[in-house]
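In this text, all values refer to a predicted model and were calculated from it rather than measured experimentally. In each ligand, atom 1 is the first atom listed, and ligand 1 is the first ligand listed. Atom set for the values below is all heavy atoms of this structure, side chains included, hydrogens, waters and symmetry mates excluded.
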Amino acid sequence: MNYKNDLILRAANGENVDRTPVWLMRQAGRILPEYRKVRASLSGFKELVETPELAAEVTIQPVDLLGVDAAIIFSDILVIPDAMGLPYRMEKGVGPIFDDTIKSVSDIKKLKTADPYSDLKYVTDAISITKKELNGRVPLIGFAGAPWTIFSYMIEGKGSKTFSEARKFLYQEPAAAHDLLGKITDSTIAYLKSQIEAGVDIVQLFDSWAGILPKEQYLEFGLKYLRIICDAINEVPITVFAKGAWFALEEIGKLNCNTIGLDWHTSPEMARRLIGTEKTLQGNLDPCLLYASDKDLVKETILMLNKFGGQKHIANLGHGVYPDTKPEKVKLFINTIKEYKF
Ligand code: CP3
């Protein structure tokens with residue numbers, strides 16, 4: 001494929017770039033009025049995710065409207081439990097909810113390994129349409145949740161402050177926990193491979209709840225499965241974003257991946273020290289800086305760019321952009337990065 005702009009792929013592969021590429025986690029979504037308009041015409045979030053033409057449309061919106069250097073396919077990490085037999089629904093003002101949760105070994109036995117070619121065809125169809133419509137303007141990012149984060153949602157049934165149900169399960173049923181994590185991992189590998197076949201150029205694993213485990217448990221129940229996935233995916237560059245897992249950065253740095261995403265708690269200097277010079281780093285401006293004055297936003301964005309040093313860096317926020325952020329602030333963040341000369 002000939003790209004008009006392949007900066008993000010060059011950076012992920014450790015090649016030199018003329019300027020730092022930039023995209024935002026959650027760039028496709030409620031920050032854009034154009035997204036809210038498409039969303040308002042439907043019964044809900046799930047209908048949007050499951051209608052390939054519309055999912056493709058909102059995937060491309062940030063490329064047209066914000067000028068990001070990559071698109072990320074519009075979907076959710078929770079399509080995996082859904083495809084395994086545990087459906088979610090999106091509740092307005094609350095977020096995702098699973099009416100049934102995993103409570104026992106027999107609940108795990110009832111789950112199947114997802115077959116992406118039948119259960120998740122709406123995602124690969126959306127990818128095919130998006131690739132065609134992007135026509136090489138920018139690369140397309142595919143993604144999945146990390147097994148530990150998906151496991152947590154399947155046990156808790158919703159978001160949580162403490163995730164104590166999921167953590168309790170690790171102490172009370174460690175063998176069953178490994179069983180479930182293994183099933184999620186198999187489903188995720190098949191899913192990512194199907195996304196790659198459909199045309200995604202790079203994939204990212206979101207371990208949003210990595211930071212709630214003690215280190216030893218994260219290595220056993222989190223990192224172990226990230227390693228299996230990274231070892232299985234060799235077709236395209238892979239990014240691991242383990243939010244809050246500063247305590248395991250050295251181990252994360254040894255994964256068979258190209259890029260490591262950093263949250264805003266982790267300094268680029270510390271990450272480089274622990275990870276070494278080989279990997280590309282992604283991140284990590286505090287998403288709340290997009291509420292600051294223009295002057296402070298520009299100053300902090302440039303400070304961030306300098307901390308990463310200009311190469312082997314993909315600029316992003318330290319987590320998803322908050323839904324009430326003004327698109328003008330996002331554009332200022334993006335343009336500051338695009339115009340900056342080292
Ligand atoms: O632009 C993109 O990044 C692509 C789309 C994307 C969504 N969810 C769309 C979405 C991606 C990559 C995700 C990943 C995701 N989903 C994660 C990992 C990243 C992270 O933020 O840590 C998690 C934990 C989820 C689960 C999830 N989905 C939650 C907790 C929520 C509710 C919170 C919220 O933002 O409302 C969602 C809903 C969701 N996923 C929305 C979008 C655009 C909002 C739903 C709507 O439009 O009504």
Side-chain angles (χ1 to χ4, degrees), residues 22-51 54-63 65-66 68-82 86 88-98 123 126-127 130 138 140-154 156-161 163 166 188 191-192 195 200 202-212 239-245 261-264 282-284 287 316-325 327 330:
V22 55
W23 70 282
L24 282 81
M25 292 186 275
R26 295 290 185 101
Q27 65 189 20
R30 286 164 299 177
I31 54 162
L32 294 173
E34 292 81 359
Y35 166 86
R36 295 199 297 269
K37 198 167 155 224
V38 175
R39 172 84 166 69
S41 68
L42 303 168
S43 64
F45 174 78
K46 250 185 140 168
E47 190 183 349
L48 179 50
V49 166
E50 292 172 8
T51 309
L54 295 178
E57 182 182 337
V58 298
T59 298
I60 296 170
Q61 281 176 351
V63 178
L65 300 165
L66 301 172
V68 283
D69 293 311
I72 177 163
I73 191 66
F74 187 81
S75 185
D76 202 87
I77 61 169
L78 301 176
V79 300
I80 278 290
D82 207 277
L86 206 68
Y88 73 96
R89 60 188 168 81
M90 209 52 87
E91 181 107 336
K92 203 173 178 317
V94 181
I97 306 233
F98 291 88
V123 180
I127 290 169
T130 305
V138 291
L140 178 62
I141 305 168
F143 71 90
W148 160 247
T149 291
I150 298 298
F151 170 98
S152 303
Y153 272 107
M154 292 172 88
E156 296 278 345
K158 54 184 181 326
S160 164
K161 278 211 176 79
F163 279 93
T188 303
Y191 179 44
L192 289 173
Q195 292 187 36
V200 301
I202 178 166
V203 294
Q204 174 157 331
L205 290 166
F206 287 91
D207 209 352
S208 306
W209 304 113
I212 64 175
T239 301
V240 172
F241 175 60
K243 186 167 182 295
L262 304 180
D263 58 41
W264 70 91
Q282 176 173 277
N284 75 339
N316 206 310
L317 301 176
H319 197 195
V321 59
Y322 298 129
D324 63 346
T325 303
V330 178

inquiry  = What verdict does the side-chain contact (heavy atoms from CB on, under 4.5 Å) test give for Met25 and Gln204, after you've listed the backbone C-alpha separation in whole Å, the side-chain angles of each residue and the deciding distance to 0.1 Å?
reply    = CA-CA 10 Å; Met25 292 186 275; Gln204 174 157 331; 3.7 Å; yes
- Message: Looking only at distances, can you tell me whether any N or O atom of Tyr35, backbone or side chain, sits closer than 3.5 Å to an N or O atom of ligand 1?
- Response: yes
request  = Applying ring-ring contact (aromatic ring centres under 6.0 Å, His included), run through Phe45 and Phe74 and close with a yes or a no.
outcome  = CA-CA 11 Å; Phe45 174 78; Phe74 187 81; 5.7 Å; yes
query = Within a strict 4.5 Å, meaning less than it, do heavy atoms of the Met90 and Val49 side chains meet?
reply = no
re atom 32 (C) of ligand 1, the protein heavy-atom contact at minimum distance is Pro96 CD, 3.6 Å
Problem - Any N or O of Arg39 closer than 3.5 Å to N or O of ligand 1 - result: yes
* If only atom types and distance count, is the side chain of Gln195 paired as donor or acceptor with the main-chain N or O of Phe143 below 3.5 Å? -> yes
The closest protein heavy-atom partner of atom 11 (C) of ligand 1 is Phe143 CZ, 3.6 Å
(message) Polar contacts were defined as any N/O atom of the residue lying under 3.5 Å from an N/O atom of the ligand; does this apply to Trp23 and ligand 1?
(response) no
Q.
Any nitrogen or oxygen of Tyr153, side chain or backbone, less than 3.5 Å from one on ligand 1?
A. no
Does any non-hydrogen side-chain atom of Phe241 lie less than 4.5 Å from one of Gln282? no
Q.
Measuring only between side-chain heavy atoms, which start at C-beta, is Phe98 closer than 4.5 Å to Leu78?
A. yes
Per-atom filter on ligand 1: closer than 4.0 angstrom to a heavy atom of His319 are 20 (C), 21 (O), 22 (O)
A student comparing Lys158, Arg30, Glu91 should find that the heavy atom closest to atom 44 (C) of ligand 1 comes from Arg30
Quick note on ligand 1: atoms under 4.0 Å from a heavy atom of Gly95 include exactly 32 (C)
I want to know if ligand 1 touches Ala28 in the polar sense, i.e. an N/O pair below 3.5 angstrom.
yes
message: Could you walk me through whether Leu24 and Ile31 satisfy the side-chain contact (heavy atoms from CB on, under 4.5 Å) test, starting with their C-alpha distance in whole Å, then the side-chain angles of each, then the deciding distance to 0.1 Å, before giving a yes or no?
response: CA-CA 11 Å; Leu24 282 81; Ile31 54 162; 5.6 Å; no
Under 3.5 Å: donor-acceptor pair, side chain of Thr149, backbone of Ser208 | yes
Atom 23 (C) of ligand 1 sits nearest the protein heavy atom Ile77 CD1, 3.4 Å
Honestly, for Lys243 the part within reach of ligand 1 (heavy atoms, under 4.0 Å) is neither
Residue, atom and distance of the protein heavy atom nearest atom 41 (C) of ligand 1 read Phe45 CE1, 3.6 Å
Closest to atom 26 (C) of ligand 1 among protein heavy atoms sits Asp76 OD2, 3.5 Å
The answer for which part of Lys92 has a heavy atom under 4.0 Å from ligand 1 is neither
Note to self: For Asp263, is there any backbone N or O sitting under 3.5 Å from a side-chain donor or acceptor partner on Asn284?
What the structure shows: yes
Tightest non-hydrogen contact, residues Gln27 and Leu32, listed as O-CD1, 4.1 Å
Near Ser208 (heavy-atom distance under 4.0 Å), the atoms of ligand 1 are 18 (C), 19 (C), 20 (C), 22 (O), 24 (C)
Check your understanding: Between Arg89 (side chain) and Ile97 (backbone), is there a donor-acceptor pair under 3.5 Å?
Key -> no
Ser75 heavy atoms within 4.0 Å reach ligand 1 at atoms 5 (C), 6 (C), 7 (C), 8 (N), 9 (C)
When Thr130, Val138, Leu65 are each screened for side-chain contact (heavy atoms from CB on, under 4.5 Å) with Ile60, the one that passes is Thr130
re atom 13 (C) of ligand 1, the protein heavy-atom contact at minimum distance is Arg26 NE, 3.5 Å
Atoms of ligand 1 under 4.0 Å from any heavy atom of Met90, numbered from 1 in the order shown, are 28 (N), 37 (C), 38 (C)
